[in-house]
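Accompanying notes for the structure given below.
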Amino acid sequence: MRISEVFHRRVRGFRVVDIVGVGVLLTLVLGVYMAKAFAGRERAEIASVERQIEEERIKVRLLKAEVAHLEQPRRIESLAQAAQLAPIAPDRETSEDALIDVARKPIPASKPLAPPVAAKADPALAAADAPDGVSAGAEEAPR
């Protein structure tokens, strides 16, 4: 069979070249349609990610502004004064090399906290604040 015969051969009234050409054309049209649909989905996904990035940038800017507000020295100073905090005494400061020695020192025992003033003044109030099953002045028996 020669190549020229392929161009002239007919199947059910259609030339073979025409049938192959239509098949290739349909394949190309379908391929272009699928590529375009895939590109549209990708474009929508990219737009969604870009919106998320912009929202995160806005959140970062707001958080940076909040941190700047919270770190204002005047604000921190007023909070420290309200909490009655004082600067650390110079004799309490230490160097980096002496931190190991500080960590090895035993912690001095602190005084036990005194009971509230209301409990001393009115035992009925102390009994009302006590947990269920425990009286105000009673200690739990050892088991």
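The basis for the numbers below is simple: all heavy atoms, side chains too, and nothing from hydrogens, waters or symmetry mates.
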Report task. Using the salt bridge (Lys or Arg N to Asp or Glu O under 4.0 Å) rule, collect all pairs that involve residues 30-41, keeping only residues at least two apart or in two chains. Result -> none
Query raised in the report: Who else is in Ile53's hydrophobic cluster (ILVMFWY, side-chain heavy atoms under 4.5 Å, direct or via others)?
Result: Val49
Query raised in the report: Hydrophobic cluster mates of Leu26, side-chain heavy atoms under 4.5 angstrom, ILVMFWY only, any path?
Result: Val22
Requested in this report: Can you tell me which residue pairs pass the side chain to side chain donor-acceptor pair (under 3.5 Å) test with a partner in residues 21-34, sequence neighbours excluded?
Outcome: none
Show me, pair by pair, the donor-acceptor contacts under 3.5 angstrom made by side chains of residues 57-80, not counting sequence neighbours?
| unit_1 | atom_1 | unit_2 | atom_2 | d |
| --- | --- | --- | --- | --- |
| Arg75 | NH1 | Leu70 | O | 3.2 |
| Ser78 | OG | Arg74 | O | 3.4 |
| Ser78 | OG | Arg75 | O | 2.8 |

Report summary line: residues 16-26 vs side chain to side chain donor-acceptor pair (under 3.5 Å), sequence neighbours excluded, gives Arg15-Asp18
Query raised in the report: Do Val20 and Leu28 share a hydrophobic cluster, counting only Ile, Leu, Val, Met, Phe, Trp and Tyr and linking them when any side-chain heavy atoms are less than 4.5 Å apart?
Result: yes
**Report entry** Side-chain touch Arg51/Glu54, heavy atoms, less than 4.5 angstrom
**Finding:** no
